[in-house]
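Have a look at the structure below before the remarks.
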Amino acid sequence: IMYDRLTESYWTQIGGRAIVGELTGVTLEPISINTVVWGTWKDLVPDAQVLSRNTGRPRSYGRDPYGAYYTERYLMFPVENNDKRLHPKDVVYGIEVEGVFKAYPEDDVLLAEVLVDKLGGASIEVRTDGNGAVTFTNLDNGYEIVKERDFWFAWAAFHPDTLLYQ
């Protein structure tokens, strides 16, 4: 959940829809992002800046508070749709084309470098650049498809009818 102090609205991280507060029902405009390791980013953008760890708060930002949570099967919170097709913590890229949702396991995407698929009547190309950036393109119109990088359990909970690339 994300919180907007200005409107006191709470937003879902998957889907970006306000569920409580002044903007309830509004959906944010989605954008694609890529998650890359700091060293790779620093090589690509040598003058990149990073926020200071000196935040004035007691929390240590140099240590991950979730520990082994990323690889363990247990979930901190229950989910309605417990889809067992993948390990709950497998990372997937989720997309939507013409109202049809599909998840692509990150391991498959990164190993292949280029995948071609069909979804919602469109031809899809999935391409990696070797630095961690992943792009989904609708080959029929040339537009980039916005992707989400999520744990499988989270994507499947929000999209219970999702297809799975295999």
Side-chain angles (χ1 to χ4, degrees), residues 1-2 11-17 27-51 53 61-77 79-166:
I1 297 289
M2 300 178 287
W11 304 80
T12 61
Q13 287 179 288
I14 297 177
R17 190 170 58 85
T27 300
L28 297 171
E29 181 70 30
I31 60 170
S32 281
I33 65 166
N34 286 298
T35 304
V36 297
V37 296
W38 171 245
T40 299
W41 181 251
K42 191 67 173 163
D43 288 344
L44 293 170
V45 186
D47 58 344
Q49 296 181 12
V50 66
L51 292 174
R53 289 183 183 178
Y61 284 90
R63 183 182 66 77
D64 188 333
Y66 293 101
Y69 180 72
Y70 304 106
T71 56
E72 299 292 331
R73 288 196 74 83
Y74 79 92
L75 302 178
M76 289 184 175
F77 305 99
V79 294
E80 285 187 25
N81 181 40
N82 189 6
D83 191 317
K84 297 186 183 316
R85 288 182 285 172
L86 294 177
H87 185 286
K89 306 289 181 49
D90 280 353
V91 175
V92 298
Y93 293 99
I95 64 169
E96 178 265 327
V97 174
E98 299 295 327
V100 181
F101 296 93
K102 192 164 190 175
Y104 295 76
E106 183 176 59
D107 290 345
D108 294 347
V109 169
L110 296 179
L111 284 175
E113 293 183 21
V114 177
L115 297 173
V116 177
D117 196 17
K118 287 237 180 243
L119 181 62
S123 296
I124 306 298
E125 179 185 79
V126 186
R127 182 175 293 275
T128 62
D129 73 353
N131 291 314
V134 177
T135 305
F136 285 74
T137 304
N138 181 328
L139 296 175
D140 297 339
N141 61 22
Y143 293 133
E144 181 178 355
I145 300 167
V146 174
K147 67 185 177 303
E148 290 190 29
R149 182 177 181 269
D150 299 315
F151 281 133
W152 170 244
F153 80 86
W155 176 260
F158 277 81
H159 306 291
D161 296 326
T162 191
L163 302 173
L164 178 62
Y165 177 84
Q166 293 179 324

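A quick note: this is a predicted structure, and the numbers were derived from the prediction, not measured.
Residues Phe151 and Leu75 form no side-chain contact, since every pair of their non-hydrogen atoms from C-beta on lies 4.5 Å or further apart. Ile145 has its side chain out of reach of Lys147: every pair of non-hydrogen atoms, C-beta onward, lies at least 4.5 Å apart. In this structure the side chain of Val134 reaches within 4.5 angstrom of the side chain of Asn34, judged on heavy atoms. Looking only at side-chain heavy atoms (C-beta outward), Val92 and Tyr165 stay at 4.5 Å or farther from each other. For the pair Thr137/Arg127, no side-chain contact is recorded, criterion being any heavy-atom separation below 4.5 Å from C-beta on. Contact check for Val109 versus Leu111: no side-chain heavy atoms found under the 4.5 Å cut-off. Counting heavy atoms from C-beta outward, Phe136 and Ile124 have side chains that approach closer than 4.5 Å.
Note that OG1 of Thr71 and NE2 of His87 are 7.0 Å apart. Values are rounded to the nearest 0.5 Å. For the atom pair CD1 of Ile95 and CG of Leu119, the computed distance is 5.0 Å after rounding to the nearest 0.5 Å. The line from CH2 of Trp155 to CZ of Arg149 is 14.0 Å long, rounded to the nearest 0.5 Å. Within the model, atoms OG1 of Thr128 and CD of Glu113 stand 5.0 Å from one another, a figure rounded to the nearest 0.5 Å. Here the CG-CZ distance, from Leu51 to Arg53, works out to 11.5 Å after rounding to the nearest 0.5 Å.
The number of heavy-atom neighbours closer than 6.0 Å to CD1 of Ile1, taken from other residues, nucleotides and ligands shown, is above 12. By the neighbour-count criterion of 12 heavy atoms within 6.0 Å, atom CG of Leu28 is densely surrounded, having more than that number from other residues, nucleotides or ligands. By the 6.0 Å contact criterion, CZ on Arg73 is enclosed, its count of non-hydrogen atoms from other residues, nucleotides or ligands being greater than 12. For Glu125, the CD atom is densely surrounded, since the number of other residues' heavy atoms within 6.0 Å is greater than 12. Shown here is Tyr69, whose OH atom has more than 12 heavy atoms of other residues, nucleotides or ligands within 6.0 Å.
The two atoms that bring Thr12 and Met2 nearest to each other are O-CE, 3.4 Å, heavy atoms only. Closest heavy-atom contact between Asn81 and Pro160: ND2-CA, 3.3 Å. The shortest non-hydrogen separation linking Pro46 to Lys42 is O-NZ, 2.8 Å.
Side-chain atoms of Glu96 come within 3.5 Å of backbone atoms of Glu98 as a donor-acceptor pair (strictly under, hydrogens ignored). Without hydrogens or angle criteria, Thr162 side chain to Ala156 main chain gives no donor-acceptor distance under 3.5 Å. Counting only distance, with no hydrogens or angles, the side chain of Asn141 and the backbone of Tyr143 share a donor-acceptor pair below 3.5 Å. Side-chain atoms of Asp150 do not come within 3.5 Å of backbone N or O of Ala154 as any donor-acceptor pair. At distances below 3.5 Å, not a single donor-acceptor pair connects side-chain atoms of Lys118 with backbone N or O atoms of Ala122.
Partner Lys89 forms a side chain to side chain contact (heavy atoms under 4.5 Å, CB included) with one of Trp152, Tyr70, Phe153 and no other, that one being Phe153.
Geometrically, Lys102 does not engage Tyr93 in a cation-pi contact, judged by NZ or CZ lying under 6.0 Å from the ring centre and within 45° of the ring axis.
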